[in-house]
Amino acid sequence: MTRWAMRTLRRALVGSMAVIAVFTVSTGTAQAGADNWRTNPELCRSGCSTSAAYISFWQSVLWADNVGGSISLTFIDGQFGPNTEARTQAWQGIHLDWDGKPLAKDGRAGPRTWWSAETTYNKNVCTWDSAGNRLCTFYGTAHSFKWGEVNGSGSDWWFINPRTNARVSLPA
C-alpha cells in the first residue's frame, strides 16, 4: 500500500473513531440512578450516602473489575469500609474522568468515579424487552452482573447482587 493510501486510511479511521466517540458521549450509555451514573449518591467511609443498595452496586463494579485481584463475592456486603475504600482507590488509579484526566485516588465513589464506571470501555451492554424494560449487563475484566430499568421509567432502577443473586432496587 502506498504512503498516500496509508495516510488516507489512517485519517478515515481516526475520523470514524471521532464520530463514534462524539455519538457515544452525546447519547451516553445506559444509566443507573435517576439520570445517569454520575448522579448516583456519593459513597465513602464517612459523611456520604449510607445506602446499602448503592454501596453493594458499587462493590459489584469493583468485584466485576477485580482490580488488585482476589475479590471474592463476600466483598459485596453493602458496607463502605476500609477494604471498599482501598479497592476504590485502586480502581480510580487506572481510570479516567470525563475530562480524560486520571481520577483522584480519594477512595470516594463520586460523580467522576461513577461516570468512569458507566462509560469506561463501554462496559454496559443493554437491550430492551417487549415490556419496555431495559436489561443491561456490566462487563468487568473478571466478572459481569445484570442491572436495568423498569418500563423506561427513568427512576426505577435495579441490579442483581452477585453475592446473593437477588434483585436489589436502587432508590431514586
Side-chain angles (χ1 to χ4, degrees), residues 24 27-95 97 103 105-172:
T24 302
T27 60
T29 57
Q31 306 156 357
D35 297 312
N36 57 49
W37 287 24
R38 74 175 129 182
T39 64
N40 288 348
E42 184 171 18
L43 306 173
C44 64
R45 284 188 60 194
S46 66
C48 296
S49 173
T50 58
S51 168
Y54 275 104
I55 293 170
S56 294
F57 182 63
W58 175 245
Q59 289 171 329
S60 297
V61 169
L62 296 172
W63 167 80
D65 270 350
N66 200 32
V67 174
S70 303
I71 298 179
S72 71
L73 284 172
T74 59
F75 172 76
I76 305 169
D77 63 4
Q79 308 264 329
F80 204 104
N83 194 16
T84 301
E85 182 180 56
R87 295 293 182 154
T88 299
Q89 288 171 326
W91 192 92
Q92 290 169 325
I94 60 172
H95 290 88
D97 70 10
L103 288 168
K105 294 192 310 184
D106 59 8
R108 302 166 74 94
R112 290 178 186 271
T113 299
W114 277 116
W115 179 88
S116 185
E118 176 189 12
T119 60
T120 300
Y121 313 123
N122 212 13
K123 291 182 177 219
N124 293 299
V125 177
C126 300
T127 60
W128 293 86
D129 69 12
S130 60
N133 298 307
R134 186 182 306 191
L135 308 171
C136 305
T137 302
F138 179 93
Y139 290 99
T141 56
H143 308 284
S144 63
F145 66 93
K146 304 282 185 199
W147 64 278
E149 172 193 19
V150 177
N151 296 326
S153 65
S155 62
D156 192 0
W157 299 92
W158 55 268
F159 78 104
I160 302 296
N161 183 318
R163 179 179 182 177
T164 63
N165 208 28
R167 183 172 161 157
V168 178
S169 292
L170 294 169

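When side chains are defined from C-beta on, Arg163 counts as touching Asp77, because their heavy atoms get closer than 4.5 Å. Proximity of Ile160 to Asn165: side-chain heavy atoms (C-beta onward) are separated by under 4.5 Å at one or more points. No side-chain heavy atom of Ser60 sits under 4.5 Å from any side-chain heavy atom of Phe138.
A pairwise comparison of heavy atoms in Val150 and Arg167 identifies CG2-NH2, 3.1 Å as the closest pair. Shown here for Ala53 and Val168, the closest heavy-atom pair between the two residues is CB-CG1, 3.7 Å. Shown here for Cys126 and Trp147, the closest heavy-atom pair between the two residues is SG-CZ2, 4.3 Å.
Looking only at distances, a side-chain donor or acceptor of Asp65 sits under 3.5 Å from a matching main-chain atom of Thr141. A donor-acceptor pair under 3.5 Å is formed between the side chain of Trp114 and the backbone N or O of Pro41. Judged by distance alone, with hydrogens and angles left aside, the side-chain atoms of Asp156 form no donor-acceptor pair with the main-chain N or O of Glu149 at under 3.5 Å.
Of the options Gln92, Arg112, Gln89, a side-chain hydrogen bond (donor to acceptor under 3.5 Å, both in side chains) to Asp106 is made by Gln92 and by none of the others. Of the residues Phe159, Trp157, Phe57, Trp115, the one that meets the ring pair (Phe, Tyr, Trp, His ring centres under 6.0 Å) test with Trp37 is Phe57. Residue Gln59 is tested with Thr88, Ile76, Leu73 for a side chain to side chain contact (heavy atoms under 4.5 Å, CB included); the sole match is Ile76. No option in Phe80, Trp91, Phe145 other than Trp91 meets the ring pair (Phe, Tyr, Trp, His ring centres under 6.0 Å) test with Trp58.
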Taking it one step at a time, do Asn124 and Glu118 satisfy side chain to side chain contact (heavy atoms under 4.5 Å, CB included)? CA-CA 7 Å; Asn124 293 299; Glu118 176 189 12; 4.1 Å; yes
List the steps and the verdict of side chain to side chain contact (heavy atoms under 4.5 Å, CB included) for Leu103 and Ser116. CA-CA 9 Å; Leu103 288 168; Ser116 185; 3.9 Å; yes
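In this structure, the separation between NZ on Lys105 and CD1 on Ile94 is 10.5 Å, given to the nearest 0.5 Å. We find the CG-OH distance between Asn40 and Tyr54 to be 4.5 Å, quoted to the nearest 0.5 Å. The distance from atom CD1 of Ile71 to atom OG1 of Thr84, rounded to the nearest 0.5 Å, is 9.0 Å. Atoms CZ and OG1, from Arg134 and Thr127 in turn, are 10.0 Å apart once rounded to the nearest 0.5 Å. Between atom OG of residue Ser70 and atom CZ of residue Phe75 there is a gap of 12.5 Å, rounded to the nearest 0.5 Å.
With respect to Glu42 and Arg108, a salt bridge is recorded, a charged nitrogen being found less than 4.0 Å from a carboxylate O.
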